[in-house]
Trainee: 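Take a look at this one; I'll ask things after.
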Amino acid sequence: MFFLEFARACETLEKTSGRLDMIDIISKELPKLSDEELPVFVRFVMGRVFPDWSPKKLDIGPNLLYESVGYVVGLKKDKVIDRINRTGDVGKAVEELLSDKNHLSQQMLFFHEALDLVSVYNELISISEQGGKKIQAGSEKVQREKPQQEKLRGVRRLFSAASPLEGRYLSRIMLEELRIGVGEGSVREAVAKAFGVDSALVEHAQQALNDMGEVARLAKQGPDALQSVQVTPFHPVRMMLAQQGSIADMIEEHGEIAAEFKYDGSRFQFHKKGNWARLYSRRLEDVTAALPDVIQQLLSATEHDVILDGEVIAIKDGKPMPFQSVLRRFRRRHDIAEAQDAIAMVPNVFDIIWLDGETLIDLPFSERRKRLESVVTQYLAPQVRSDREEEITKTYEAALAAGHEGIMIKVPASPYTPGQRGKNWIKIKPEVDTLDLAVIGAEWGEGKRAHVFGSFLVACQDNGKLMPLSRVATGFSDEQLAEVFELLKESVISESGKEVTFEPSLVFEVGYAELQASSNYECGFALRFPRFIRIRDDKDIPDVETIENIRERYKRQANSAQAYQR
């Protein structure tokens, strides 16, 4: 497939509002593709280059992209930024700039080889393999610009060969923000429709593989290929998620439930096969090097080949430390031994999804817990099972007294559903209601904060599309605003007056008093008294709250208000 054909398909999808129509469009494209093209098309149409589990990263920020486009069209970077600011859309601005370019004659363009889907993908792989800017040489820091220059040259090559329409989607893919409204659910249904397989089979294979591109290739082979998919060590899967709820409702619906402490730490996924072990964060990043002490603790806890799910917390004087203390260890790349002495890290294991070659995600939680207890001798999260509300409440109070956030309630009959936030896991905590939301924009601060961003536009998601929900301006210390500025300054896509738009990369946990119906935001809701709680850099953009869950929260809130009035 030529990349131009892919771009035209994206253009059609971008103009299509109905989800069923989108599914139909994608499903008609998939059977035309070769086995090599199919995974690439599927990942690209979802705005991704690599599978979620892959350690490969493009690391093409807006500034590198602007510089590359400027070189190709014969403009300085600030002129490119001006065009993007006027357009408000990087992709459409690049399309306009490539339409205007006059540095190449039509004769020279005639001899350019057309881009095809796989060649673009291979070039992006090559770009991702170019390293960073600095290395250590003896006792001196030596600047090594060659890797970054190679990355720049790779981006230039692609834009030099791209038509204006190709440039629109090429730039968006590089920033991994395609903006055509195609979510994973739509692609799943399109794959099932294209190859005549059950969408439940596609979903199950995706949960195990964490790569919809590879799942599409297997779906083309037929249902047997999908059914044979297994979880694989060192190929991390997404972690099962929880939503809010109540003890009484869970007991009423399920009878006996399992209660565990809810830790204020960071999720991990521990993979062990033989003598080899790796640790992955909630964002599926390999954090083995940063947490060798946790690796050793878990290795000492089992002799089996396993994939374990758990949460690591920081402990000082027998009490858990705040979440940020854990994150500092997850982020650390140097002086690891010194950090181990300063902060004691303790893993708490609460689930097992693979054991000695067997995938366990379809087993009920009660059975997985039995397997877990039989093979892990230490660091097991304590659990209480009961159908009595007062007993679960005592566990909740004990968790708070021990310095933890609250409790998790789990349905004993439930399977492990990677990446899904459902009613099988419920979190109970006394804090103000919070939402994890993507930071998509900001306004510059005023007065002593004029050099940093002062307020932020945050968004929920709807089938992969980010929808503004609120502005957040309170809850920040000066130090936190400085930290956020450092994290976001390289992600600026455009500016207009005091308004700044970001390439989505950062997640805030935001507290609020209540949800309100509102026509001010596209999602139909707004937050009353929003307040910044903390940065959730253990979470990625696909982990932010969905509009479906926000609607459910709004209904529960309304029901609670009605009950109070009665």
Trainee: Can you list the steps and then say if F365 with Y416 is a ring-ring contact (aromatic ring centres under 6.0 Å, His included)?
Mentor: CA-CA 7 Å; F365 176 57; Y416 191 98; 9.2 Å; no
Trainee: So which of R369, R371, K370 actually passes side chain to side chain donor-acceptor pair (under 3.5 Å) with E373?
Mentor: R369
Trainee: Report the residue from V439, D436, V544 that forms a side chain to side chain contact (heavy atoms under 4.5 Å, CB included) with F508.
Mentor: V439
Trainee: Kindly assign one of parallel, tilted or perpendicular to the pair Y263 and H404, based on the angle between their ring planes and the thresholds 30° and 60°.
Mentor: perpendicular
Trainee: Any salt bridge between E503 and K489, counting N to O under 4.0 Å?
Mentor: no
Trainee: With D538, which residues qualify under side chain to side chain donor-acceptor pair (under 3.5 Å), at least two apart?
Mentor: R536
Trainee: Run the side chain to side chain donor-acceptor pair (under 3.5 Å) test against R19 and tell me which residues pass, sequence neighbours left out.
Mentor: S186
Trainee: On the six-membered ring of W425, is K410 placed so that its NZ or CZ lies under 6.0 angstrom from the centre and within 45° of the ring axis?
Mentor: yes
Trainee: Do Q244 and E552 have a side chain donor and acceptor closer than 3.5 Å?
Mentor: no
Trainee: Considering the options R267, H271, H235, which one meets the side chain to side chain contact (heavy atoms under 4.5 Å, CB included) requirement together with Y280?
Mentor: H271
Trainee: Side chain to side chain contact (heavy atoms under 4.5 Å, CB included) with L488: which of V500, V452, L506?
Mentor: L506
Trainee: Hey, is R238 close enough to E184 for a salt bridge, meaning N to O under 4.0 Å?
Mentor: yes
Trainee: Are D286 and T288 linked by a side-chain donor-acceptor pair shorter than 3.5 Å?
Mentor: yes
Trainee: Going through the checks in order, is the ring-ring contact (aromatic ring centres under 6.0 Å, His included) test met by F456 and F476?
Mentor: CA-CA 11 Å; F456 301 87; F476 299 94; 5.2 Å; yes
Trainee: Looking at R421 and D543, is any side-chain nitrogen of the basic one under 4.0 Å from a carboxylate oxygen of the acidic one?
Mentor: no
